[in-house]
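Working notes, beginning with the structure itself.
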There are 2 protein chains.
Amino acid sequence: MPITDPTPHNTEASRAAARRQQILAAAAQCFREHGFHGASIARISKIAGMSAGHIYHYFENKEAIIGAIVAQDLETLLTLTAELRAACNVRNALIERAAEGVLDQLDPASAALKVEIVAEAARNPHVARIVREADATCRRELMVTIHAIRSAAGHDDTPAATADMVEVLASLFEGLLLRTIRNPDLDRRRVAQRIQLAINDLLDQPG
Amino acid sequence: MPITDPTPHNTEASRAAARRQQILAAAAQCFREHGFHGASIARISKIAGMSAGHIYHYFENKEAIIGAIVAQDLETLLTLTAELRAACNVRNALIERAAEGVLDQLDPASAALKVEIVAEAARNPHVARIVREADATCRRELMVTIHAIRSAAGHDDTPAATADMVEVLASLFEGLLLRTIRNPDLDRRRVAQRIQLAINDLLDQPG
DNA sequence: TAACATAGAATGAGCGTTCGATCTAGAATA
DNA sequence: TATTCTAGATCGAACGCTCATTCTATGTTA
């Protein structure tokens, strides 16, 4: 069969994708400022620079926009842990990346959205499913990474023990999202160093 | 002047207080299930067993209900840290209490409300003020406690170093709220033990 | 011209809040 | 004690508004 014209499709497709992204960017801003339920389609459309009705040409409904925002946010988390797993000297990589990761977590604007997502996951099954699948993937990646580090140091941990250490590591990180909202004045760099120490200790815990 | 009748006042007052508490309990349930903005006065009033309009005899508006719920939730946190500070052998008290504290944090229902509160604090100045004042008090208490423990172990920390350790401790704890939502299948008891180890290490970190 | 992009009005539901009407229980009075 | 008075408790309808979503009409472009 003949190849159908690629150019118009591409421009149409990219145009539509750009429009979609435009909506998502506006939605992310609104969700950060007003929460998922406080943000109205009217407000999102105003910031996205289009009519409210037109948004429904790109998303089935508001829930779909929320889903896309959640998936987009978790995507970055997935690539981060995947990168970590690929690093060669894994222990140093983990601890050095930790400092960057901590500073990211301590950015109040992005923290607000991340916390909003978990709050929504606690009551919205659709969001919960997305969040939990991404989290399971991250945990699997981190388990491999941590098991490798500890094996190299002579520990032979059970899967359960590794899973628990992953939970503590995750708790340490994710807690920062709440800390930066509860105490916006904390010293980000110094806290990052302390977290590095804590991770170091965690990796040397008895099995 | 003569003492005015105490009995009717008491019953009236306690009746009103009971009614208020009834509303707050219903509101807490609704907020947990639907979030601050997803929960309507109509729904709260139905669960509280009274008409929607009647709620406005006890609270000025919905914002006031949110404020009361937030204050009530943070109250328990304040008494917990105050208790901790009063314990005699502080290090053991801290670490033993930690296990209980961890299990509390890992209760999904109460975690949902606590996360909702922080999410709201990120965008609602009134809630932010309540949350941050309570947090500052907790941090002060924890700083005294941790400084005492570390002094006894021969460390002479700067206030900044102590503050940073408090942040890490708080992050570890509060992160559990997010963990139990993201991964409801985690093993609560084993994670509690791991957290105890991590706190132990934290208290021995170099100054 | 055909197909799609876009706007903006329309819709119906639900929201927070107000308000006037009742109900009720205890105080005052006879 | 019996009756009236009264102030607060309570209800439910009503208000004005905003919401998510749909629909129709009008550009726009290939």
Side-chain angles (χ1 to χ4, degrees), chain A residues 4-31 33-69 120 123-124 126-127, chain B residues 2-27 30-31 33-69 120 123-124 126-127:
Chain A
T4 49
D5 49 354
T7 336
H9 264 173
N10 271 358
T11 40
E12 272 173 40
S14 72
R15 178 194 187 81
R19 223 73 171 114
R20 245 185 90 98
Q21 201 53 43
Q22 199 175 346
I23 294 170
L24 288 181
Q29 178 184 332
C30 287
F31 291 158
E33 291 172 4
H34 307 282
F36 286 135
H37 296 288
S40 67
I41 296 288
R43 218 192 297 256
I44 293 171
S45 73
K46 196 167 287 178
I47 291 183
M50 67 185 70
S51 73
H54 192 41
I55 286 189
Y56 288 84
H57 281 252
Y58 296 96
F59 292 93
E60 194 189 340
N61 51 31
K62 193 179 170 182
E63 174 87 6
I65 302 179
I66 294 176
I69 290 280
E120 182 70 10
R123 61 182 108 97
N124 178 331
H126 178 215
V127 171
Chain B
I3 302 161
T4 50
D5 47 357
T7 336
H9 264 170
N10 272 358
T11 41
E12 273 173 39
S14 71
R15 177 194 187 81
R19 223 76 170 109
R20 247 183 88 97
Q21 201 53 43
Q22 198 176 345
I23 295 170
L24 287 182
C30 287
F31 290 158
E33 292 172 4
H34 307 283
F36 286 135
H37 296 289
S40 68
I41 296 288
R43 217 192 296 257
I44 293 172
S45 72
K46 196 167 287 177
I47 291 183
M50 67 185 70
S51 72
H54 193 42
I55 286 190
Y56 289 83
H57 280 253
Y58 295 96
F59 293 92
E60 195 188 341
N61 50 32
K62 194 179 169 183
E63 175 85 7
I65 302 179
I66 294 176
I69 290 280
E120 182 71 11
R123 62 181 108 96
N124 178 331
H126 177 214
V127 171

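Just so you know, these numbers come straight off a predicted model, no measurement behind them. Atom set for the values below is all heavy atoms of this structure, side chains included, hydrogens, waters and symmetry mates excluded. Reminder, nothing fancy here: chain letters follow the sequence lines and each chain counts from 1.
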Shortest non-hydrogen contact between Phe59(B) and Ala68(B), atoms and distance: CE2-CB, 4.0 Å

Ile55(B) CD1 - dG12(D) C1' separation (whole Å): 14 Å

Arg20(B) CZ to dA9(D) P, straight-line distance once rounded to whole Å: 13 Å

Base-paired stems that DNA chain D participates in, counting runs of 3 or more Watson-Crick or G-U pairs under 3.5 Å: C:1-30 with D:1-30

Interatomic distance, Phe36(B) atom CZ to His37(A) atom NE2 [nearest 0.5 angstrom]: 12.5 Å

Nucleotides 15-28 of chain D: protein proximity per nucleotide (B base, S sugar-phosphate only, - neither; heavy atom, under 4.0 Å): ----SSBB------

Contact check, side chains of Gln21(A) and Leu24(A), non-hydrogen atoms, under 4.5 Å: yes

Distance, rounded to the nearest Å, where Ile23(B) contributes CD1 and dG16(C) contributes C1': 15 Å

Sugar-phosphate only, base, or nothing, as touched by Tyr58(B) at under 4.0 Å among non-hydrogen atoms: sugar-phosphate

Those residues that, when tested against Ala27(A), pass side-chain contact (heavy atoms from CB on, under 4.5 Å) (two or more places apart): Phe31(A), Ile44(A), Ile65(A), Ile69(A)

Aromatic plane relationship, His54(B) with His57(B) - under 30° parallel, 30 to 60° tilted, over 60° perpendicular: tilted

Separation of dA5(C) C1' from Arg19(A) CZ (nearest whole Å): 8 Å

Atom pair CZ/CD of Arg43(A) and Glu33(A) - distance to nearest 0.5 Å: 8.0 Å

Whether Lys62(A) side chain and Ser40(A) backbone form a donor-acceptor pair below 3.5 Å: no

Euclidean distance, Glu120(A) CD relative to His126(A) NE2, rounded to 0.5 Å: 10.5 Å

